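Accompanying notes for the structure given below.
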Amino acid sequence: MTAYCHLTFPLPVNQTFLYRLPDELKNRVRPGTVVIAPLGSRKIKGYVLEVTDSVPGSGFQLKDVCEVLESGPALPPEFLNFIQKLALRNLSSPGLFLEQAEGPVRLAEIKPQVIITSKGKEELQSGELKGKNRELLDLVSQRALSPVFLKKKLKWRDLNAKLKSLEQAGLIEIKQKARKAKSLALPPGQAPRQLSLPVGFLAEDSPVSSIFQALQAMKFQRFLLAGEAQKRQEEIFKIISQAVDGEGYVFILLPEIEQTKRWLSYASRLGSTAVFYHSRLSGKKRSEAWESIISGKSRVVIGTRAILFLPVKPVRLIVVDEVQNELYDLAENPPFDVREGAQIRAKEEGAVLLLTSSCPPVSLYYHSAGSGELIDLGQTDRCYTRQFSRQDLSHWLQEELKVEAGPVLQAGRQIFFFINRKGYAGYLVCPGCGYVPRCPACQIPLIFDKKKGELVCRYCGQSMSRQETCPGCGRQLKAGRIKGSQFLVERIKKALPDLNLALLEEGEEKSKIEGYLKKIKSGKIQLVIGTEYALPRLSPGSFSLVVVIEPEIGLNLPDFKASEQTFIRLFKASELLANRPSSKLMVITSMPDQPSIKYGAQADYPSFYREELEYRQLLKYPPFSLLVSLTLSGHNLRRVAGASRQLGEELNERFPALEIIGPKVKPRLWKKVQKEVKLYLRLAESKEFFALSQFLEDFSHQHSQARLSYRILL
DNA sequence: AGCACGCCGACT
DNA sequence: GTCGGCGTGCTC
């Protein structure tokens, strides 16, 4: 009987393709097997999703699978289901996700090579060839080269056409040269399952006892564990001891590799049962970790999103740590939200999903409290001193800096300056009412370019001529300088010349940062200036003075979560303070009464939550409505815009109750070539959502020219 | 994504 | 007339 298989490719094409399986390959192919198959005019890597012996009647001329690249054990069905659900949810191809599940096994590749023929050599020597053809033949005359290399070297857009015509003329040959790579043999069959964990005494009234019960029930259940990092880790450790009894896996997901450092001591308590896994592990270490996990020797895996794609089973517990961190929201290749991915996987595996945070997203906290999924460990009392200053920053640096910093430095303690903006930038402001010109599209304050005399939006890149007067009160607008990190460095150096200071922000060299961090730890650097980038890199509780500079600038973003983000930043900055009365949190702000700033400085989550919830209810933001953001992207702006117009129209027609905000074009987001159109939808009822997601799926199938993705905003 | 095919302007 | 640039749509 002839066998067939459905393949998915690691391409942005969300459909499967049916192939015939030659008899000699039949026995080597299972769901998850990596194969080479002809697609159009090329031969590329694909993944088997399903093997069948019957074909639905179709008009296709079926092609044969060429080659089997790797056929280890079949992927667990739970894992394949997870991949397919994740792909479906993100309107993208399962192949793109399966590519991430490959692990460190280096697969054979088919590499095309361009080879000169004897006829080609003759013509080259006779000097008959000119221009581009000659240039190309010259390059290939020495040794065979790949088209990819030629494309980089020559930068011709029409390289493929050229190659084709030269091949037809018989001057070159394009050979598909298969290069077999060493395959990493996986230990087959049963692996050692011994495990000795220091299982602690589990009190009945433990705050996490409901999680123990859920683990025992072996079915999907979600929890939110709120509380300070250290307390949380202790509870998680107890839960892990419980979860890893027989043969289950535990995944601990962190938002970024940087955060793995904070888990080192916990991991060492688990011995070889625990292992770190993330993309920065290089060759050998990665293979070792992979092998240890697949064989079952290590079953507590700590690291980043890469963990979600480990094809192991059964997974008993998935912890998403610091769930509020927006780094979990991945924008590219393929875009998906790690938190959502973790939930999909946990559901497929019948695992417990444990979201943890010291300052959870307000909507998440609300929903969790309502459904009994919340475990709040409470807050530790903060006894450091807080102080707000409404003074102008320059003025403060001139007058107050020495007064505040002097005693701290003298005591041999350290200072941290937290600033939200890099470098220098100018802006315009009305001295009367505080009006600031904003971008009409993005609603954020415009940056004033003094040299050009223009106002520029740093978000969308649009520029416009400067306004002279305030539209509100008619006063002359004044040019100010946004005091970014550079400004701060200069002023502080001027005021305190004998100080060792470090600037920690994105874009600095890795080695330089590492050097700084060492010196900060040893106390050689007394003052640190940092942006958000610095927060996860500094040790909590290590500073005696933290100065937060103008946290309110984040509130200008056109985002209903701006206030929550501002609160989180302040909260995180305050965690760097040693918690004692002699420590001080100084906030330089014009809005000390803004809830996110007031409560952020006190690290008071309950109060912030209460006020923020009230505000959200008033404006019908989540959790009191369902907000969905839609993004259409592609290289061709006309196509993207066309698709968005059609999307808007169809949404209007199909969902009359839906509130559509936008569309908004982002002309040139940083250096991206991709053009993007965004719109937001507000649903009053969450039950409408199912129909909406169904509709979006259909729409994306019909419009392959513009890629569609959507996020549910919590 | 990457490739072919097909339609237009500018060159020997 | 053809070459080669770009827009469009398909790949089992």
Side-chain angles (χ1 to χ4, degrees), chain A residues 2-22 25 29 33-67 87 90-100 109-112 114 128-136 146-152 154-169 174 176 332-335 632-643 646 672-675 700-709:
Chain A
T2 331
Y4 303 87
C5 62
H6 292 275
L7 295 188
T8 171
F9 293 98
L11 302 175
V13 179
N14 45 6
Q15 95 185 239
T16 60
F17 294 85
L18 189 63
Y19 285 84
R20 247 164 44 87
L21 268 173
L25 299 181
V29 170
T33 302
V34 193
V35 298
I36 297 281
L39 184 70
S41 61
R42 32 183 195 152
K43 287 178 179 169
I44 56 166
K45 178 174 75 174
Y47 303 89
V48 177
L49 284 180
E50 205 189 314
V51 183
T52 51
D53 46 23
S54 62
V55 258
S58 65
F60 305 126
Q61 184 66 51
L62 293 189
K63 292 185 184 173
D64 279 4
V65 169
C66 310
E67 199 181 335
N90 291 286
L91 309 175
S92 82
S93 162
L96 285 171
F97 289 103
L98 277 170
E99 201 172 28
Q100 306 190 43
E109 294 171 277
I110 291 209
K111 276 206 166 175
V114 182
E128 269 173 50
L129 290 159
K130 306 177 276 188
K132 283 185 165 185
N133 286 350
R134 195 199 165 91
E135 205 179 328
L136 206 151
S146 75
V148 182
F149 176 84
L150 289 169
K151 206 163 209 167
K152 266 190 202 150
L154 296 165
K155 291 181 189 129
W156 299 344
R157 290 199 61 150
D158 58 332
L159 181 74
N160 283 320
K162 266 257 129 41
L163 289 174
K164 280 274 143 67
S165 72
L166 283 170
E167 190 181 23
Q168 259 182 10
I174 300 172
Q176 301 278 342
E332 245 147 20
N333 349 263
L632 280 159
S633 65
H635 288 280
N636 186 330
L637 184 59
R638 277 223 329 262
R639 279 171 154 190
V640 175
Q646 201 178 339
K672 271 192 198 162
V673 212
Q674 292 264 321
K675 310 292 187 293
S700 85
H701 272 290
Q702 289 157 26
H703 299 261
S704 51
Q705 65 280 126
R707 224 160 300 156
L708 176 65
S709 73

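Predicted model only: the values in this text are computed from it and were never measured. Chain identifiers are assigned alphabetically (A, B, ...) following the order of the sequence lines, protein sequences preceding nucleic acid strands; residue numbering begins at 1 within each chain.
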Mind listing the closest non-hydrogen atom pair of A:C66 and A:P38 along with its distance?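 Closest approach of A:C66 to A:P38, heavy atoms only: SG-CD, 3.6 Å.
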
In residues 8-15 of chain A, what donor-acceptor pairs under 3.5 Å come from side-chain atoms, sequence neighbours left out?
| from | atom 1 | to | atom 2 | distance (Å) |
| --- | --- | --- | --- | --- |
| A:T8 | OG1 | A:S93 | OG | 3.2 |
| A:T8 | OG1 | A:G95 | N | 2.9 |
| A:N14 | ND2 | A:L91 | O | 3.0 |

Each nucleotide N or O in nucleotides 9-12 of chain C that has a protein N or O under 3.5 Å away: list the pair and distance.
| from | atom 1 | to | atom 2 | distance (Å) |
| --- | --- | --- | --- | --- |
| C:dT11 | O3' | A:G40 | N | 3.0 |
| C:dC12 | OP1 | A:Y19 | OH | 3.3 |
| C:dC12 | OP1 | A:P38 | O | 3.0 |
| C:dC12 | OP2 | A:K63 | NZ | 2.4 |
| C:dC12 | O3' | A:L18 | O | 2.7 |
| C:dC12 | O3' | A:K63 | N | 2.9 |
| C:dC12 | O2 | A:L18 | N | 2.7 |

For A:H703, which residues count as a side-chain hydrogen bond (donor to acceptor under 3.5 Å, both in side chains) partner, sequence neighbours excluded?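 Result, side-chain hydrogen bond (donor to acceptor under 3.5 Å, both in side chains) vs A:H703: A:Q705.
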
A:R20 meets the salt bridge (charged side-chain N to carboxylate O under 4.0 Å, His left out) criterion, sequence neighbours left out, with A:D64

Just jot down the side chain to side chain contact (heavy atoms under 4.5 Å, CB included) partners of A:V640, sequence neighbours excluded, or say none.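 Expected list: A:L632, A:V677, A:A706.
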
Tell me: NZ of A:K43 to C1' of B:dC3, nearest whole Å?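 From A:K43 NZ to B:dC3 C1': 16 Å.
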
